K.L.:
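Just passing along the structure, written as structure tokens.
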There are 2 protein chains.
Amino acid sequence: MKDSNPENLARKVTAADVAKLAGVSRWTVSRALTDGASIAPESRERVIQAARELGYRPNLLARSLSQKRSNMVALVVDEMQNPYMLRILEMTMSQLQQKGLMSLVLNISRESDFASALTRADQFQADGVLFLGTVLPDRLIHMVENMGHIPLIVMYRDSDVDDVQIVATDGFSGTRQLTALLQQQGCQRFAYMSGPGSVSTRLGRKEGFADALNSQQQAHAVYLQASHFSRQQGYDVTCRYLDGTLADQYVDALVCENDILAIGAIDALREKGLEGQIAITGFDDLDLAASPSYQLTTCSQPDAALIDEAIKRLLSPDQEQRRIQMPPQLIIRSSHILTQQAN
Amino acid sequence: MKDSNPENLARKVTAADVAKLAGVSRWTVSRALTDGASIAPESRERVIQAARELGYRPNLLARSLSQKRSNMVALVVDEMQNPYMLRILEMTMSQLQQKGLMSLVLNISRESDFASALTRADQFQADGVLFLGTVLPDRLIHMVENMGHIPLIVMYRDSDVDDVQIVATDGFSGTRQLTALLQQQGCQRFAYMSGPGSVSTRLGRKEGFADALNSQQQAHAVYLQASHFSRQQGYDVTCRYLDGTLADQYVDALVCENDILAIGAIDALREKGLEGQIAITGFDDLDLAASPSYQLTTCSQPDAALIDEAIKRLLSPDQEQRRIQMPPQLIIRSSHILTQQAN
DNA sequence: CATGATTTTGCACTCGAGTGCAAATAAACT
DNA sequence: AGTTTATTTGCACTCGAGTGCAAAATCATG
């Protein structure tokens with residue numbers, strides 16, 4: 001079992017080494033380790049024994065080179081300030097790993113990184129590319145599509161590029177429900193805080209918000225925009241709004257595009273002593289949303305199902321459906337409730 | 001520039017394709033793209049032109065196979081509940097990417113994953129393995145060390161395995177300073193909350209805490225232990241302590257092994273109306289630590305320097321120094337200040 | 001025992017690139 | 001022109017595995 005022989009450690013054990021020890025040819029070794037290959041059971045046994053003894057681990061680069069599959073999947077991520085990304089990453093990598101796939105993570109911060117990162121994915125023969133809620137503009141996604149024909153799946157956002165597979169949550173219905181909840185409890189003056197423009201229009205959340213307002217003839221709304229999905233940005237943008245607005249003109253409800261922005265917003269309100277005077281909602285249901293310090297009313301996304309679906313599509317290309325939107329689940333806590341009357 | 005020829009997209013462009021177009025041999029193509037190779041400037045130009053026209057991108061798997069380097073680095077992570085991990089991952093991947101290296105991320109949740117994940121790293125010929133603050137017991141780390149001779153660097157924690165490169169923050173001095181700060185303002189009764197046992201003893205933080213207490217003859221302390229580095233665990237463990245202790249016996253200071261636990265602890269205190277009655281400190285300086293809702297007094301780790309050093313060591317093996325501990329920086333906010341007297 | 005049917009195995013090839021060496025070409029010099 | 005020297009290029013090899021095909025070994029049958 002344990003390789004006690006020190007010279008095994010000196011260099012990588014190759015199929016030829018195993019062949020020599022087992023007294024067969026290099027190719028018989030391949031066959032012994034392949035299910036369903038034509039080989040005498042007895043010599044298979046001998047090879048397996050030898051392989052174990054030497055601690056043989058086939059070189060996957062070599063295998064990938066000749067076969068089609070490399071068993072590597074590229075994960076393209078950005079917006080790494082949002083803790084939600086950690087959850088997504090974690091679940092995605094776990095599920096990939098479970099299926100015997102490796103995760104090549106490509107972090108994008110500037111647009112220029114983008115092309116180079118993808119070139120790399122292609123050069124490493126990645127079996128597929130998963131976009132995890134990236135803020136990339138559609139034209140870039142389109143560019144990837146034509147690149148080496150790697151199956152490409154966009155997750156956690158929409159896109160109107162044709163033929164791109166999309167696996168996302170129905171942000172429209174989610175935010176629509178949240179906004180309706182605020183309307184039911186009598187909120188009149190609404191604000192919406194979005195993230196970076198390029199992705200914001202691809203989440204459908206802003207549209208759900210606007211739709212709810214329209215259905216009640218509440219045309220007027222304040223639109224705020226954060227440049228990143230980070231707590232700090234949510235905080236800064238909210239402060240700027242509060243400082244630049246007369247106190248008697250404050251909105252009474254702020255719908256945030258996601259939790260991390262909402263948490264920043266709550267922090268800002270708290271600091272200014274306005275907690276409970278503006279109702280807040282988020283999206284994602286971060287762990288922190290359940291904290292007694294925030295008690296954020298929000299929507300949770302069916303992460304496990306989304307990721308499962310995305311990987312399934314990655315492995316079996318040419319899916320009938322181009323796009324799937326799963327329903328979010330409303331999580332009602334108390335951040336949407338007004339506890340103090342505005343003066 | 002743009003490959004307008006549709007058949008280019010049909011299959012991968014190989015060096016042979018470029019050679020044919022440029023009217024040279026396949027090997028000349030290799031040379032044209034290699035700096036310092038002996039080649040006529042004129043034919044190099046021709047090759048480069050042809051390569052650009054076809055959109056040639058050398059297959060890195062093939063290159064890795066024959067050369068020593070694969071340009072892939074395996075990142076081994078766990079404890080993915082802690083948002084701090086996201087920052088570390090982000091910075092590490094960015095720095096690697098900047099140096100032309102790819103990140104193979106291996107997520108470990110159970111010990112059994114561990115062996116299989118590392119086997120994969122080895123099979124993919126990873127140039128090195130970076131352990132990012134993993135909770136793995138030392139014996140496992142030792143096992144990796146003997147595996148394929150991949151350079152191995154343990155970050156954000158210590159280990160007493162010989163010959164393992166360590167790049168970490170001096171947790172001892174950090175927590176010692178934090179504890180001293182609490183002592184200076186008159187705290188008498190201390191508690192310490194640690195994370196999973198296997199890593200906790202490798203951070204040096206608990207020892208720094210104990211040392212500070214000893215230096216003041218304050219032998220008595222309460223030790224709490226969380227099973228994960230997560231807000232929820234920090235919260236649960238604190239609640240359990242508060243519920244299981246008489247109110248007049250509460251400690252007046254709680255030193256937490258890191259921020260995410262501290263934030264959970266503050267949440268618990270807040271919920272029970274005990275905010276300001278127990279001083280709290282953390283470690284890591286999460287973004288959330290700066291939130292007005294927490295104002296956590298903590299230590300920040302020199303992430304950029306740590307990661308830079310780790311990668312440097314990965315690339316140039318046989319470093320003289322086996323282990324480096326960088327000093328943390330004290331971040332003083334207000335969570336360590338007692339604002340209410342205990343009844 | 002010879003013939004045919006079947007299993008097992010070895011060998012030449014593939015993947016896509018890189019490297020050292022030797023042959024072919026070009027340039028420099030007597 | 002003839003020789004030496006420098007430059008450029010082609011070819012055989014390498015990495016480590018997998019696959020199809022044909023040769024070799026085994027088996028079964030008349």
Side-chain angles (χ1 to χ4, degrees), chain A residues 8 10-48 50-51 54-72 119-120 122-127 148, chain B residues 8 10-48 50-51 54-72 119-120 122-127 148:
Chain A
N8 295 340
R11 219 184 329 88
K12 274 283 186 64
V13 178
T14 159
D17 300 328
V18 178
K20 193 161 53 182
L21 181 63
V24 294
S25 72
R26 192 171 69 66
W27 300 273
T28 307
V29 174
S30 263
R31 258 177 289 248
L33 274 357
T34 307
D35 273 344
S38 141
I39 189 179
E42 169 221 317
S43 57
R44 154 168 284 159
E45 195 46 54
R46 215 139 34 91
V47 169
I48 289 180
L54 295 175
Y56 172 60
R57 289 184 294 269
N59 184 325
L60 295 184
L61 291 192
R63 178 182 296 172
S64 305
L65 187 58
S66 54
Q67 307 192 314
K68 282 288 173 195
R69 306 195 51 186
S70 70
N71 292 306
M72 296 195 285
T119 300
R120 287 255 188 65
D122 175 57
Q123 294 189 285
F124 277 106
Q125 284 194 9
D127 289 341
Chain B
N8 296 339
R11 221 184 323 89
K12 273 283 186 61
V13 177
T14 157
D17 300 328
V18 178
K20 192 160 54 180
L21 181 64
V24 295
S25 72
R26 192 169 70 66
W27 301 274
T28 307
V29 174
S30 263
R31 259 176 289 248
L33 275 355
T34 309
D35 273 344
S38 141
I39 189 180
E42 170 222 317
S43 58
R44 153 168 285 158
E45 195 46 53
R46 214 138 36 89
V47 168
I48 288 180
L54 295 175
Y56 172 60
R57 292 183 292 269
N59 184 325
L60 296 183
L61 290 191
R63 179 182 294 171
S64 304
L65 187 58
S66 55
Q67 307 192 311
K68 282 289 174 195
R69 306 193 52 187
S70 69
N71 292 305
M72 297 194 283
T119 300
R120 286 252 191 68
D122 175 57
Q123 294 189 284
F124 277 106
Q125 285 196 8
D127 288 343

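Remember, it's a predicted structure, so these values are computed and weren't measured experimentally. Numbers restart at 1 for each chain; the letters A, B, ... are given by sequence-line order, proteins then strands.
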K.L.:
Nearest to the side chain of B/Ala15, heavy atoms from C-beta on, is which of D/dG10, C/dA17, C/dG18?
P.N.:
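So the side chain of B/Ala15 is nearest to C/dA17.
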K.L.:
Find which nucleotide of DNA chain D each of A/Asn59 and B/Ala40 is nearest to by heavy atoms, and output the residue with the more 5' nucleotide.
P.N.:
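Of the two residues, B/Ala40 wins.
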K.L.:
Just how far, in rounded Å, is P of D/dT19 from CZ of A/Arg69?
P.N.:
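To the nearest whole Å, that distance equals 13 Å.
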K.L.:
To the nearest 0.5 Å, what is the distance between CG on B/Leu60 and CZ on B/Arg69?
P.N.:
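Interatomic distance, B/Leu60 CG to B/Arg69 CZ, rounded to 0.5 Å: 11.5 Å.
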K.L.:
Kindly compute the distance separating CZ (B/Arg26) from OG1 (B/Thr14), expressed to the nearest 0.5 Å.
P.N.:
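Rounded to the nearest 0.5 Å, the CZ-OG1 separation comes out at 7.0 Å.
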K.L.:
Does a side-chain N-to-carboxylate-O contact under 4.0 Å join A/Asp17 and A/Lys12?
P.N.:
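No, this pair does not count.
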K.L.:
How many whole angstroms separate atom CZ of B/Arg46 from atom P of D/dT8?
P.N.:
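These atoms are roughly 13 Å apart.
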K.L.:
Within the pair B/Ser25 and D/dG10, is there a side-chain N or O less than 4.0 Å away from OP1 or OP2?
P.N.:
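Looking at the OP1 and OP2 atoms of D/dG10, one of them is under 4.0 Å from a side-chain N or O of B/Ser25.
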K.L.:
Of all the nucleotides listed (D/dA17, C/dA17, D/dT9), which has the minimum atom distance to the side chain of B/Arg26?
P.N.:
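Looking only at side-chain atoms, B/Arg26 lies closest to C/dA17.
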K.L.:
Heavy-atom distance under 4.5 Å between the side chains of A/Met72 and B/Leu61, does that happen here?
P.N.:
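Yes. Closest side-chain heavy atoms under 4.5 Å.
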K.L.:
Distance from B/Arg31 atom CZ to B/Arg44 atom CZ, nearest 0.5 Å?
P.N.:
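These two atoms lie 10.5 Å from each other.
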K.L.:
What's B/Thr28 touching, base or sugar-phosphate or nothing? Going by heavy atoms closer than 4.0 Å.
P.N.:
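B/Thr28: backbone/sugar contact only, no base atoms under 4.0 Å.
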K.L.:
Can you say whether a donor on the side chain of B/Arg57 sits under 3.5 Å from an acceptor on the base of C/dG16, or the other way round?
P.N.:
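No such pair is found, so the answer is no.
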K.L.:
Do any side-chain nitrogens or oxygens of B/Gln67 fall under 4.0 Å of OP1 or OP2 in D/dC15?
P.N.:
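Answer no for this pair, as no side-chain N or O of B/Gln67 is under 4.0 Å from OP1 or OP2.
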K.L.:
Have a look at A/Ser43 and say if it touches a base, only the backbone sugar-phosphate, or nothing, with a 4.0 Å heavy-atom cut-off.
P.N.:
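Here A/Ser43 touches the backbone only, sparing every base.
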K.L.:
Could you check how far CG of A/Leu54 sits from P of D/dG16, rounded to whole Å?
P.N.:
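Result: 15 Å.
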K.L.:
Do the side-chain N or O atoms of B/Thr14 get closer than 4.0 angstrom to the phosphate oxygens (OP1, OP2) of C/dA17?
P.N.:
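For B/Thr14, the contact criterion (side-chain N or O under 4.0 Å from OP1 or OP2 of C/dA17) is met.
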K.L.:
I want to check one thing: is the phosphate of D/dT7, taken as OP1 and OP2, less than 4.0 Å away from some side-chain N or O of B/Ser38?
P.N.:
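No, outside the criterion.
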K.L.:
Tell me the interatomic distance from A/Leu60, atom CG, to C/dC15, atom C1', rounded to whole angstroms.
P.N.:
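Roughly 15 Å, once rounded to whole Å.
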K.L.:
I need the CD-C1' distance between A/Gln125 and C/dA17, as an integer number of Å.
P.N.:
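Distance, rounded to whole Å: 12 Å.
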K.L.:
Output yes when at least one side-chain N/O atom of B/Ser30 is less than 4.0 Å from OP1 or OP2 of C/dG18, else no.
P.N.:
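So the side chain of B/Ser30 is within the cut-off, an N or O lying under 4.0 Å from OP1 or OP2 of C/dG18.
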K.L.:
Using whole Å, what does the distance between atom C1' of nucleotide C/dG20 and atom CD1 of B/Ile39 come to?
P.N.:
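Checked: the CD1 to C1' distance equals 16 Å.
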K.L.:
More 5' along DNA chain C: B/Arg31 or B/Pro58, using each one's nearest nucleotide?
P.N.:
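Nearest-nucleotide comparison on DNA chain C picks B/Pro58.
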K.L.:
What is the separation between atom CG on A/Leu65 and atom P on D/dT14, rounded to the nearest whole Å?
P.N.:
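Atom-to-atom, A/Leu65 to D/dT14, this comes out as 16 Å.
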K.L.:
Could you tell me how far apart A/Trp27 (CH2) and D/dG18 (C1') are, to the nearest whole angstrom?
P.N.:
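Atom-to-atom, A/Trp27 to D/dG18, this comes out as 11 Å.
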